[in-house]
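Structure, as structure tokens:
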Amino acid sequence: MCITGRRIKMEQDSLLQRYRRDRRKLLEFLLSSGLIKEVRTPSGSTPLSDADFDKLSADYILHCIKSGGIVDVSEASKKYYAESAHPIMIHSKLGDSYFLTSDPDIAGSPPRRVPPSTSVSSNNHASSSSSKLDSFDMKSVETHGDDYGLKQKVEAAVARASFTDSGIPSLGLPTLKTGLSDDDLRESAYELLLASMFFSGVELFPVEDRKKEKNSKFLSRLKSKREKPHSRPQLSERHSELVDTIRAQMQISEAMDACIRRNMVQLTARRTCGQIDLPQISLELLIGIFRSDFPNEKSYIQWKSRQVNILEELLYFSAELPETERVIIKTCLAKIRDTKEWDVAMSPAQRVEIISSIRQVASKAFFQQGKFGLQNETYYWQAAYHLNIRLYEKLLNGVFDILDEGQLIEEADAILSLIKLTWSTLGITDKLHDALYGWALVQQFVDTAEGTLLEHAGLQLQRVVSAKEDDCNEGQYMNSITCLKERNGSQKKLNLVQSIFLSIGTWCDSKLQDYHLHFSEKPVHFKKVVALASTIGLLSSADCADKVIVNASREKVKSYVERSVEAAIGRVAVTVLESKERTHRLALLANQLRLIADRELKIFFPVLRQWSPESMMISVQKLHQFYGEILIPFLKGVSSLSEDARSVLPAAYALDNELGQIYTSALEEQKVQHSPRPYLDHYQIEKVSGPLIIDWVIGQHTHILEWTRRALDLEVSSMDWEPLSFHQRQAASIVEVFRILEETVDQLFGMNLPLDITHLQALLSIVFHSLDAYLQRVLNQLVEKNHLYPSAPPLTRYTETAIPLIKKRLNEYKVLDDIMLDRLNELTIPKLCIRLNTLQYIQKQVGVLEDDIRNSWAAVRPSLNQTQAEEEPVEILESDSLTHNETVDELFGTTFNIIRDTAKDIGQKTCDLIGTRVVFWDLRDAFLFHLYRGNVESTRLENFLPDFDTVLDNVCGVIDDAVRDVVVISIYKASLALFGYYLMEVLAVPSLIRISSLWKKTF
């Protein structure tokens, strides 16, 4: 991210200046308080006010006051200089705080990447889980029951896994003899860049006593307004902002930048040759920059040591000089290093003389003819390539945003164009640039895990691969840039490009050896790393026609799959063994292995299939075999559906089923018709779980029948057939029965175990017997409606016979006893209506229950069909499938149709009983009262209608809307039957015998 041109208001005083001011005030207070009794100096006692407060240690003075009040000024100064080597600290109970020389408010946000480990021996793995295998201690794991050989399996996984450092290997360049640090190289690289720009003819003009305000956006907040303005030459406007961006990117202060520019202008003015080298830059800076240009002595000494080390590295250790000239170089550099001699004892003329001596030797080396005859080649191209390459790497790192190190700044292309000006000095070619830039991008990805960097790296390295072959001279030069790499246990010299490719390939290989570890959290990086491996030749390219290379890549990918899956299995096994969850370990392990298979299928296999189409089958076999060897001992010990069995068996069945489907799909996709192992050897869980499920269903059968009986008993004794609510007018007992049945269905199918038609039969048997028992008890509580009919009139008490000679038979009617009367009194109209509502609810809810069971059964059928498909021919499966479906439909039809018909019949009987009871029992007196009073004109049915309407209103207020019309019709029929009885008794006409028979047939 680039934030060019942003201006940030900064404080006038830094924290360090505030600290110094507060310290001076503290010392002044101590002086005026009289706590200091005596001040000692090398010349004797002197007042403390004459001392330089800025060079005295306040902590030392406070300590002296506590111990007696005698202060030694020389000791206070020594303490001050000793403390200046470390950050200024404030110790408090809340923690230690320290002050910085720079303002933290303008330093920006901290880098997002995790800082590197300080331990050299620790493994730099991408995930915290990577250390689980190597740190796994078998003795430290507590054993909770039998682990079924899981610990031994983990030990084997630990033995097979490799724990190599996942960091990217170095290039193996020759070491720097002078010990130049990364900061030294970065600052020297910036000096070289500025010098190259000036010597390349970049336009410049002077600007007097003016600080530039137009800086790069993203680094404007890194500048300090406290820096003093300098009179310095400025680059042209079109380059100034870009150079300031580079300066801040490489963390160079404005003051030092001004000094470098001033001296480079002078060097450019004196030289006629347009080419510059590193010794010239260092010598010019040594003669043109002084102690006064630095904020403190320490900074100056560090800067001077760096310049001397650069010269020593180039002229003493790298250049092939005569011994006399080497002695001159060594002697002169030693004098420069000596601060007292160089900065105090020597006069400017003497310093110029020493610099001139070094410059003469450097000029001889510079003008030596190059070894390879390349354009602009200098002696240092080959003699100091180990330093040149490191400096160029620091320049390339300037394109990465220091506030967000995973991003390239917007000016990256422009900066790369300027960096190109250093090629003639550092001996960089197009091919070297592409290789080194790709190397820098890969290194930055390793530090930041920003995927776009890998894409850019792949493009750069692809340019190296596709570049035309080097000519003879350039090829010799490329081969002269050698790196020492360890390969197959021995050290081997490679050229720089080969070393870069080998280091990147080694890193890619280490990542792909355990891709489940490195790419599970950020799977998008996996494809990019594989593409990078293909670019550098670790894997064959898509258009490769060489069968040997293709086969080698296939075998390499197979090894990646095997090793990565084994390592992933080992990690999840360790996690399971160390888990404190109450869930059984084998269940946890099965779930974790399913996650591995899912990641392999969705993330890794689509990328790896290009090289190894069978990689998915390899991973499935590894997972299936590992878990199967642990599961078999557990299956042998299962004798009931215990808590452990209910936990492990479904998890194992789900894993077996999922792995089987993946394996079969992979086979079909690859069209492997004659594979030696066309299908996996399933765990045979159904053979263990099948009998156990039957036993469980039988136990549930007895349990549910008991609950059904109890629910009806509570209905009769407590609930008294009251509606569940105003909107739900059925009895509470039937709701409880269906709840129990639904829970049983959910429990059975919720076991997630293989089921067959035997289990379905047992379940439907539970449903049938439970509902049938309920319906039979409801039926047994009803009475026949004939008990409510009155006896026939006297003239119609005999029925007609077909043979006149036979004596007429009496018309039978039943006499109500006390038991029957009690039952009729209990069967009130509201209770009968609630029963009828309940029967209607049964017919409706039976359909819902049937659909639920059908859907649940259909959900388990695909897995059953899949299992059978792996064992039987297709033509047999089709016929068996038809037979099976017909059997299932017959089971459902038989069970639920009988329940529906029974509920319907009992409902019709209840409905008839309601009508008969309303008219012949509840309204009998009111009916007779209206019919047997007054004259004939007053005996009309209309007089009875108000009472009739009242009863209908009461019934309609209780009955469900679905059966309301049927109940009303039943009441009307019963009222007409009663009226027929009345006519036969009042008129007493023999011809009404036929009317009586008609009424009986009708009603």
Side-chain angles (χ1 to χ4, degrees), residues 101-102 107-108 110-111 113 115-116 170-171 173 175-197 215-216 218-219 222-223 242-261 263-264 276-279 281-282 285-286 289 293-295 298-314 384-405 408-409 411-412 415-416 418-423 425-426 428 433 436-437 439-441 443-444 446-448:
T101 56
S102 61
R113 64 182 175 88
S170 64
L171 294 180
L173 288 168
T175 59
L176 297 171
K177 302 295 192 302
T178 56
L180 288 166
S181 65
D182 287 343
D183 290 338
D184 294 336
L185 294 172
R186 173 174 46 79
E187 294 169 2
S188 296
Y190 180 73
E191 294 169 354
L192 172 62
L193 178 61
L194 275 186
S196 300
M197 292 177 64
N215 292 323
S216 173
F218 84 29
L219 284 176
L222 298 179
K223 293 174 54 182
L242 185 59
V243 172
D244 275 344
T245 298
I246 298 174
R247 175 191 63 77
Q249 276 285 103
M250 302 187 73
Q251 304 177 39
I252 307 298
S253 67
E254 286 191 359
M256 182 53 61
D257 177 62
C259 293
I260 298 171
R261 294 192 189 192
N263 284 273
M264 290 303 102
I276 191 69
D277 62 352
L278 288 169
I281 299 172
S282 294
L285 295 176
L286 281 172
I289 297 178
D293 293 321
F294 293 87
K298 183 179 179 181
S299 300
Y300 170 67
I301 293 174
Q302 290 176 346
W303 173 85
K304 187 177 64 173
S305 297
R306 174 172 62 84
Q307 302 297 343
V308 173
N309 288 337
I310 290 290
L311 292 171
E312 187 177 17
E313 190 73 40
L314 291 169
Y385 71 85
H386 63 298
L387 176 60
N388 295 339
I389 298 301
R390 288 184 170 94
L391 291 174
Y392 196 69
E393 285 185 86
K394 296 302 177 185
L395 290 173
L396 291 174
N397 289 336
V399 301
F400 302 116
D401 191 341
I402 62 173
L403 300 181
D404 189 357
E405 296 179 338
L408 294 171
I409 62 175
E411 298 93 336
I415 291 177
L416 291 175
L418 288 180
I419 291 175
K420 193 173 182 178
L421 299 175
T422 65
W423 285 15
T425 302
L426 299 177
I428 304 300
H433 165 76
L436 287 171
Y437 189 32
W439 167 249
L441 289 165
Q443 284 185 305
Q444 200 70 9
V446 173
D447 292 336
T448 63

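Since we're looking at a predicted model, the values are computed, not measured.
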Report task. Look at the rings of W423 and H433 and say which category their plane angle falls in: under 30° parallel, 30 to 60° tilted, over 60° perpendicular. Result ->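 Geometry flag for H433 against W423: tilted rings.
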For residues [X] and [Y], determine if any side-chain heavy atom of one lies less than 4.5 Å from a side-chain heavy atom of the other.
X: L387; Y: L278; result: yes
X: L391; Y: T422; result: no
X: L395; Y: M250; result: yes
X: F294; Y: I301; result: no
X: K394; Y: R390; result: no
X: D293; Y: Y300; result: no
X: I281; Y: I310; result: no
X: M256; Y: R247; result: no

Roughly how far, to the nearest 0.5 Å, is the [atom2] atom of [Y] from the [atom1] atom of [X]?
X: L436; Y: I428; atom1: CG; atom2: CD1; value: 5.5 Å
X: I246; Y: L418; atom1: CD1; atom2: CG; value: 5.0 Å
X: R306; Y: S282; atom1: CZ; atom2: OG; value: 7.5 Å
X: D401; Y: T448; atom1: CG; atom2: OG1; value: 11.5 Å
X: L426; Y: S196; atom1: CG; atom2: OG; value: 7.0 Å
X: K304; Y: L285; atom1: NZ; atom2: CG; value: 14.0 Å

Query raised in the report: With no hydrogens and no angle check, is any side-chain donor or acceptor of Q444 less than 3.5 Å from a backbone partner on E405?
Result: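 Yes; at least one donor-acceptor contact below 3.5 Å.
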Can you confirm whether the side chains of [X] and [Y] place a donor and an acceptor under 3.5 Å from each other?
X: T178; Y: E313; answer: yes
X: E187; Y: W303; answer: no
X: E191; Y: Q307; answer: yes

Query raised in the report: Salt bridge between R186 and D182, side-chain N to carboxylate O under 4.0 Å?
Result: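 Salt bridge between R186 and D182, a charged N being under 4.0 Å from a carboxylate O: no.
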If you take all heavy atoms of [X] and [Y], which pair is closest and at what distance?
X: N397; Y: A440; answer: OD1-CB, 4.1 Å
X: I252; Y: D257; answer: CG2-N, 4.2 Å
X: C259; Y: N263; answer: O-ND2, 2.7 Å

Report task. Please test V243 against R261 for side chain to side chain contact (heavy atoms under 4.5 Å, CB included), starting from the C-alpha separation and ending with a verdict. Result -> CA-CA 11 Å; V243 172; R261 294 192 189 192; 3.1 Å; yes
Query - side chain to side chain contact (heavy atoms under 4.5 Å, CB included) between I409 and F400, worked out - result: CA-CA 6 Å; I409 62 175; F400 302 116; over 6 Å; no
Query - Step-by-step side chain to side chain contact (heavy atoms under 4.5 Å, CB included) determination, L314 to D277 - result: CA-CA 10 Å; L314 291 169; D277 62 352; over 6 Å; no
Report task. Walk me through it: do I419 and Y392 pass the test side chain to side chain contact (heavy atoms under 4.5 Å, CB included)? Result -> CA-CA 8 Å; I419 291 175; Y392 196 69; 3.3 Å; yes
